[in-house]
Amino acid sequence: MKIATYNVNGINGRLAVLLRWLKEAKPDVVCLQELKCPDQLFPEAALLKAGYHSIWHGQKSWNGVAVLSKEEIKETRRNLDGDPDDLHSRYIEGFVYGMVIGCLYLPNGNPAPGPKFDYKLSWFKRLHKHAKKLLSFDLPVLLIGDYNVIPTELDTYKSEKYITNALFFPESRLAYTKLLKLGWTDAIRYLHPNERIYTFYDYLRNAYGRDAGLRLDHFLLNDIVLPRLISAQVDKEVRGWEKSSDHCPVWIELKQ
DNA sequence: ATGACCTGTCCTACAGGA
């Protein structure tokens, strides 16, 4: 069972890249972020043709999340509780293959400090609350997506460049650590505790060519899934494809 | 310190991204 996450940075503008990667990587489940399309423009038919059912929560121009699956998936939730004024499409959750899959796109938060950073932290708090609730389920649960958090120095090519950045601010990293302490495991770090692993490369300054990346896309697993974890990998070469997203597809493999 | 680059959008210039 291969479960992936991919911040596509515009699903229609990059549909060819997504379809090519799906064909080559053959994941069973995929969490997508930054669809940047309204619900009615989600490419459901093209994905079905490629062998994937979808649930999606789009938005015009910005944000947007979806879960693709080879088996039909049942949507269990969209959005987090706690702020009825928040209109960003950043969370969708589904049930498939006996697992609960939460797909999220956490706010970037720059410039920090400021209102955007406040929004990031308040969104984090709402996620924290929901993550706690998910841990009460007697089911395999995964919280997957673009967390927009560089958890430690090891997750950036040059941490001093990110001191004033919302992705690396102490509050952001602390919120992430607090989430883990609830009872979640960062799957990539669990399997590769000391390795530099990046999932994002800026379009600027030839970041990909210089291997100047960040690890922003994370898989959080509850204790019921964790014993099934076999491997984790970044499909780094996809970042080098024509018209690629600035994020790489990332995946984990589970037993069964 | 700045800008280099991408997306989508009813003002080919902007906002937002990380």
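No hydrogens, no waters, no symmetry mates; every other heavy atom, side chains included, goes into these values. Lettering follows sequence order; numbering is per chain, from 1.
- Rounded to whole angstrom, the span from the NZ atom of A:K243 across to the C1' atom of B:dC5 amounts to 13 Å.
- Following rounding to the nearest Å, A:L41 (CG) and B:dG8 (P) show an atom-to-atom distance of 11 Å.
- Annotation: the span from A:Y176 atom OH to A:F124 atom CZ amounts to 8.0 Å, rounded to 0.5 Å.
- Checking the phosphate oxygens (OP1, OP2) of B:dT7, a side-chain nitrogen or oxygen of A:R14 falls inside 4.0 Å.
- Close to B:dA18, at under 4.0 Å from its OP1 or OP2, lies a side-chain N or O of A:Y105.
- Looking at residues 151-160 of chain A, you'll see that no heavy atom sits under 4.0 Å from any atom of DNA chain B.
- The shortest distance between side-chain heavy atoms of A:R189 and A:R215 falls below 4.5 Å.
- The phosphate of B:dG17 has neither OP1 nor OP2 within less than 4.0 Å of any side-chain N or O from A:N7.
- The distance from atom NZ of A:K161 to atom P of B:dA4 is 16 Å, rounded to the nearest whole Å.
- Of the P atoms belonging to B:dG16 and B:dC11, the separation is 15 Å, rounded to the nearest Å.
- The CZ-P distance, from A:R215 to B:dA18, rounds to 16 Å in whole Å.
- Taking atom CG of residue A:L204 and atom C1' of nucleotide B:dT7, one finds them 13 Å apart after rounding to whole Å.
- The distance between atom OH of A:Y6 and atom C1' of B:dT7, rounded to the nearest whole Å, is 14 Å.
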Sort me out a list of protein N/O and nucleotides 14-16 of chain B N/O pairs below 3.5 Å, or just none if empty.
none

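- Of the P atoms belonging to B:dG3 and B:dG8, the separation is 25 Å, rounded to the nearest Å.
- Here, B:dC6 and B:dT2 have their P atoms 22 Å apart, quoted to the whole Å.
- The main-chain N or O of A:D217 is found under 3.5 Å from a side-chain atom of A:T199 such that the two form a donor-acceptor pair.
- For B:dA1 and B:dC14, the C1' atoms lie 23 Å apart once the distance is rounded to whole Å.
- Side-chain N/O atoms of A:H247 include one lying less than 4.0 angstrom from OP1 or OP2 on B:dA18.
- Note on A:N108: a side-chain N or O is less than 4.0 Å away from OP1 or OP2 of B:dA18.
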Restricting both atoms to N or O, compile the protein contacts to nucleotides 10-12 of chain B shorter than 3.5 Å, with distance only.
unit_1	atom_1	unit_2	atom_2	d
B:dC10	OP1	A:K60	NZ	3.4

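- Remark: of the listed residues A:W184, A:Y147, A:Y190, A:Y147 is the sole one forming a ring pair (Phe, Tyr, Trp, His ring centres under 6.0 Å) with A:H218.
- Between A:I92 atom CD1 and A:R78 atom CZ the span is 5.0 Å, to the nearest 0.5 Å.
- For the pair A:R90 (side chain) and A:N63 (backbone), a donor-acceptor distance under 3.5 Å is absent.
- Ring orientation note: the planes of A:Y157 and A:Y162 are nearly perpendicular, at an angle over 60° on the 30°/60° scale.
- Under the Watson-Crick or G-U wobble criterion, with both distances below 3.5 Å, B:dG17 is paired with B:dC5.
- Between A:H247 and A:N9, the closest side-chain pair of non-hydrogen atoms is not below 4.5 Å.
- In this structure, A:N63 atom CG and B:dG17 atom P are separated by 7 Å, rounded to whole Å.
- As rounded to whole Å, 13 Å separates atom P of B:dT7 from atom CG of A:D202.
- Judged by distance alone, the side chains of A:Y6 and A:D235 never bring a donor and an acceptor atom under 3.5 Å apart.
- Ionic pairing of A:R196 and A:D211 is not present here: no N-O contact between side-chain nitrogen and carboxylate oxygen is shorter than 4.0 angstrom.
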